[in-house]
Structures are given as structure tokens and as C-alpha cells.
Amino acid sequence: MMTPMDENKVMGPEEEGDDELYEHYSFTASKGQEPLRVDKFLMNFVENATRNKIQKAAKNGSIQVNDVVVKQNYKVKAGDVVRALFEYPKPENLLTPQNIPLDIVYEDDTLLVVNKPAGMVVHPGHGNYDGTLINGLIYHFDNLPNNSSERPGLVHRIDKDTSGLLVIAKTEHAMAHLSKQFFNKTTEREYVAIVWGNVVDDEGTIEGNIGRHPKNRLQNTVFFGDEADNGKPAVTHYKVIERLGYVTLVSCKLETGRTHQIRVHMKHIGHTLFNDERYGGDAILKGTSFTKYKQFVDNCLKVLPRQALHAKTLGFVHPISGEYKRFETEIPEDMTACIEKWRNYATHVQE
């Protein structure tokens with residue numbers, strides 16, 4: 001006899017790294033449970049589960065027993081707590097054209113470069129079925145080519161609460177040409193970020209494979225040593241722009257483009273992005289215990305109600321002309337206001 005915990009408890013579809021949907025299940029094997037392969041165990045409890053679905057989850061490390069990742073042939077025993085994440089079927093017909101204003105920095109017959117505001121999701125997904133950049137793109141432009149994920153015009157993406165530059169392909173040739181540049185790491189991508197703490201070295205390079213966090217599936221983390229194969233290679237170059245007391249303004253240049261790369265790498269070296277809620281940057285990580293300081297930080301968090309990250313510079317070779325194109329944007333007002341507050345605070349403390 002097998003009894004699921006909380007009767008077929010579904011933890012619900014959640015956002016995974018901003019573009020994947022998952023169903024969370026949790027079951028507890030009853031006292032009378034005879035040893036049974038975990039894939040067969042899950043088939044008995046998950047409605048519409050297929051062997052392929054379970055195999056894929058096992059391959060992705062998304063099946064755990066007692067908080068340890070297991071393979072599909074693990075045998076469940078009495079009292080085992082089995083947790084599984086299955087890909088959630090994406091809603092159909094999400095791509096509805098919407099008249100959303102776009103900040104177009106550059107445009108020609110082949111491509112365009114847009115400056116995405118913070119708070120705008122790049123493509124539809126769980127909880128964000130409209131109002132995305134793609135909804136706006138397909139309203140303003142006809143016949144945009146699909147990328148490998150069937151997303152019109154999208155060559156690359158940035159997180160919802162990251163502002164800055166994106167290049168959009170208007171032709172199949174441009175999509176292939178630009179995608180190859182990103183794959184070959186020949187594009188130029190510079191971000192500016194406010195991070196917690198005083199970054200001691202004026203510049204440096206962070207290398208560390210990035211993959212899903214084994215305990216918190218909404219985060220990514222750095223894997224190294226024997227666990228390096230759990231992630232994909234990632235390289236971030238950083239340089240200090242300005243030291244502002246308990247935070248630092250830095251420039252980050254990407255060699256690779258992993259999900260949350262800068263957010264994960266900077267946290268890895270002890271400098272979490274300011275107000276990055278998902279990675280703990282919305283707490284006071286550096287500073288004093290004075291009430292006035294707490295009030296000051298709270299005001300900074302209100303001025304900049306998102307992670308302090310902006311995609312400032314984007315460079316690539318034009319697919320038709322072969323000319324190197326380089327675009328820059330100003331740091332947005334919410335970030336500059338926050339920087340100014342920290343600048344004033346740092347000056348006042350030094351005095």
C-alpha cells in the first residue's frame with residue numbers, strides 16, 4: 001500500500017529560471033511499502049505521467065528521495081519522501097500581438113536593437129502571458145523568424161527585472177548569423193551592476209560552471225570540483241567602476257550567457273547584487289546595525305525595487321554589411337538614483 005503525502009499534493013507550476021514551467025509533486029511511502037522502483041512509484045500517483053516524462057525528469061536531476069537526487073531505478077522504501085519536478089505543458093496560443101511601445105535604439109531591414117525596461121518580460125511564460133517584449137514585437141513587425149524555441153525574433157534574452165539592450169532578428173539569415181555569434185562568444189556584452197560589499201580587486205575573472213541549485217530550483221549556482229559536470233561552463237570578467245562604501249558599482253563583461261550568470265557569479269565571490277530578491281540581495285548584507293542605516297537602505301530598496309543590473313553595451317557583426325556595430329545606453333533612472341544615494345552616504349561617512 002502506498003499513501004501519498006497530502007493526497008497527490010501538487011506543489012504547483014512555478015517559474016524556473018524565467019522560461020520553464022514545472023509541476024512539483026511530493027509523496028511519502030507508507031509503512032507497508034515494499035521496495036519499488038521510483039519511476040513505477042511515480043507512475044502510480046502522478047496523473048497523466050508517462051515513462052518518457054519520468055525518464056526526462058530523472059535525467060535532469062529532478063527526482064529526489066529524502067532530499068537526495070536519485071536515478072529512475074532507485075527503489076522506494078517505507079517512509080521515503082519522494083519529490084519530483086515535471087515539465088509543465090506550456091499554454092497554447094500565448095503569442096497575441098499587443099500595441100506595446102518599444103524603445104528602439106537602432107533598426108534596419110535585417111535587425112533591430114531595443115532597450116528593454118526593467119519589469120518587462122522578454123517572452124510569455126507562467127504568470128506572464130501578455131505584455132511581454134515578444135507580444136510587442138509581433139504587433140509592430142510581421143513575419144519575424146522563429147528561433148529554436150519558436151520565439152519570434154529572439155536571439156538572446158535578459159531577465160524580467162534586468163534592463164538594457166537586446167538585438168532582434170528580422171530575417172532568417174540574421175537569426176542564424178547572430179545566433180552563431182552568441183554561440184561562438186564573439187559578441188560584446190557589458191552590464192553594470194551594484195553589488196553588496198567592497199570589491200577589493202579592481203578587476204578580475206570569475207570562472208565556474210553554472211547549473212540548477214539542487215535544493216532551490218528557482219536559483220542557479222556554481223558547481224566545481226567533482227560536481228562541475230552538474231553545470232555548464234561560464235566566464236564573467238568584472239571591473240570596479242566606483243566604490244560606494246558598503247556597495248560597489250561594477251562593470252561585468254560576459255564570455256558566456258548562462259541564465260542568471262552575473263547574479264550567480266557575483267554571489268559566488270561574496271558580492272550579491274543589490275536588491276536581488278531571488279539570491280538574497282534584498283537583505284542588508286553589509287553595513288552597520290544602526291537604525292538610521294537600516295532606514296537608509298530601505299529607502300534605496302524603494303528607489304530601486306529590482307536587482308541592480310543593466311545591460312549597458314551590446315556589440316556584434318552586422319549579418320549583411322559585416323560591419324561591427326556597437327550600442328550603448330544610459331544607466332536607467334532608478335539605478336542612477338540609487339547610486340547617487342550611496343555616493344552621498346559614502347561621502348558623509350568619510351567626513
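Just so you know, these numbers use all the heavy atoms, side chains as well, and skip hydrogens, waters and symmetry mates. The model shown is predicted, which means the values in this text are computed figures rather than measured ones.
Under the salt bridge (Lys or Arg N to Asp or Glu O under 4.0 Å) criterion, the residue pairs touching residues 58-68 are Asp67-Arg83, with sequence neighbours excluded. For residues 143-170, every residue pair satisfying the ring-ring contact (aromatic ring centres under 6.0 Å, His included) rule, not counting sequence neighbours, is listed here: His156-Phe182. Annotation: salt bridge (Lys or Arg N to Asp or Glu O under 4.0 Å) contacts involving residues 184-197, sequence neighbours excluded, comprise Glu188-Arg326. Applying the salt bridge (Lys or Arg N to Asp or Glu O under 4.0 Å) rule to pairs touching residues 335-347 yields Glu242-Arg343, Glu340-Arg343, sequence neighbours excluded.
Nearest heavy atoms, Thr329 versus Val105: CG2-CG2, 4.5 Å. A pairwise comparison of heavy atoms in Val76 and Ala29 identifies CG1-CB, 3.8 Å as the closest pair. Scanning both residues, Ser26 and Val81, for their nearest heavy atoms gives OG-CG1, 4.2 Å. Closest approach of Pro152 and Leu144 over heavy atoms only: CB-CB, 4.0 Å. A pairwise comparison of heavy atoms in Thr259 and Asn220 identifies O-ND2, 3.1 Å as the closest pair. Of all heavy-atom pairs between Ile134 and Pro124, the closest is CB-CD, 4.3 Å.
Put simply, CD on Gln295 and NZ on Lys292 are 8.0 Å apart, with the number rounded to the nearest 0.5 Å. In this structure, the separation between CZ on Phe223 and CG on Asn230 is 5.0 Å, given to the nearest 0.5 Å. Taken from CG in Asp103 to CG in Leu166, the straight-line distance is 11.5 Å, to the nearest 0.5 Å. The distance from the CG atom of Leu133 to the CD1 atom of Ile100 is 8.0 Å, given to the nearest 0.5 Å.
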In sequence, state the C-alpha distance, the side-chain angles, and the governing distance for Ile54 and Ile63, and then conclude on side chain to side chain contact (heavy atoms under 4.5 Å, CB included).
CA-CA 8 Å; Ile54 293 172; Ile63 297 177; 4.0 Å; yes
Run the salt bridge (charged side-chain N to carboxylate O under 4.0 Å, His left out) check on Asp80 and Lys75 step by step: do they pass?
CA-CA 10 Å; Asp80 279 348; Lys75 290 192 176 180; over 6 Å; no
Begin with the C-alpha distance, continue with both residues' side-chain angles, and end with the deciding distance and a verdict on side chain to side chain contact (heavy atoms under 4.5 Å, CB included) for Ile194 and Cys338.
CA-CA 9 Å; Ile194 306 170; Cys338 185; 4.1 Å; yes
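Side-chain atoms of Lys286 and Val247, non-hydrogen and from C-beta on, never get closer than 4.5 Å to each other.
For Glu330, there are no side chain to side chain donor-acceptor pair (under 3.5 Å) partners, not counting sequence neighbours. Residues satisfying the ring-ring contact (aromatic ring centres under 6.0 Å, His included) criterion with Tyr279, sequence neighbours excluded, are His260. Under the ring-ring contact (aromatic ring centres under 6.0 Å, His included) criterion, Tyr293 pairs with Tyr246, Tyr345, not counting sequence neighbours. Residues satisfying the side-chain contact (heavy atoms from CB on, under 4.5 Å) test with Glu107, not counting sequence neighbours, are Ile104, Leu112, Phe141, Lys170. Residues passing the side chain to side chain donor-acceptor pair (under 3.5 Å) test with Asp108 are Tyr106, His318, sequence neighbours excluded. For Asp39, the salt bridge (charged side-chain N to carboxylate O under 4.0 Å, His left out) partners two or more places apart in sequence, or in a different chain, are Arg37, Arg51. Scored by the ring-ring contact (aromatic ring centres under 6.0 Å, His included) test, Tyr74 finds no partners at all (sequence neighbours excluded). Qualifying ring-ring contact (aromatic ring centres under 6.0 Å, His included) partners for Tyr139, counting only residues two or more places apart in sequence or in other chains: none.
In this structure, Phe290 places its CZ atom where only 12 or fewer heavy-atom neighbours from other residues, nucleotides or ligands lie under 6.0 Å away. Other residues, nucleotides and ligands contribute over 12 non-hydrogen atoms within 6.0 Å of the NZ atom of Lys325. Under a cut-off of 6.0 angstrom, the local environment of CG in Asn143 is sparse, with at most 12 non-hydrogen atoms contributed by other residues, nucleotides or ligands. For CG of Asp109, the number of neighbouring non-hydrogen atoms (other residues, nucleotides, ligands) closer than 6.0 Å is 12 at most. Counting non-hydrogen atoms of other residues, nucleotides and ligands closer than 6.0 Å to CD of Glu328 gives a total above 12.
Side-chain atoms of Thr132 and Asn135 form a donor-acceptor pair, as typed in the model, at a separation below 3.5 Å. Side-chain atoms of His237 and Glu203 form no donor-acceptor pair, as typed in the model, at a separation below 3.5 Å.
The aromatic rings of His268 and Phe224 lie tilted to each other, with the angle between the two planes from 30° to 60°.
The residue from Gln307, Lys116, Met120, His310 that alone fulfils the side-chain contact (heavy atoms from CB on, under 4.5 Å) condition with Ser163 is His310. The side chain to side chain donor-acceptor pair (under 3.5 Å) test with Thr236 is passed by exactly one of Lys253, Glu207, Gln261, Arg258: Gln261.
We find that Asp276 and Lys267 are not joined by a salt bridge, their nearest charged nitrogen and carboxylate oxygen being 4.0 Å or further apart.
Linking Ile, Leu, Val, Met, Phe, Trp and Tyr whenever their side-chain heavy atoms come within less than 4.5 Å leaves Phe316 and Leu254 in two separate clusters.
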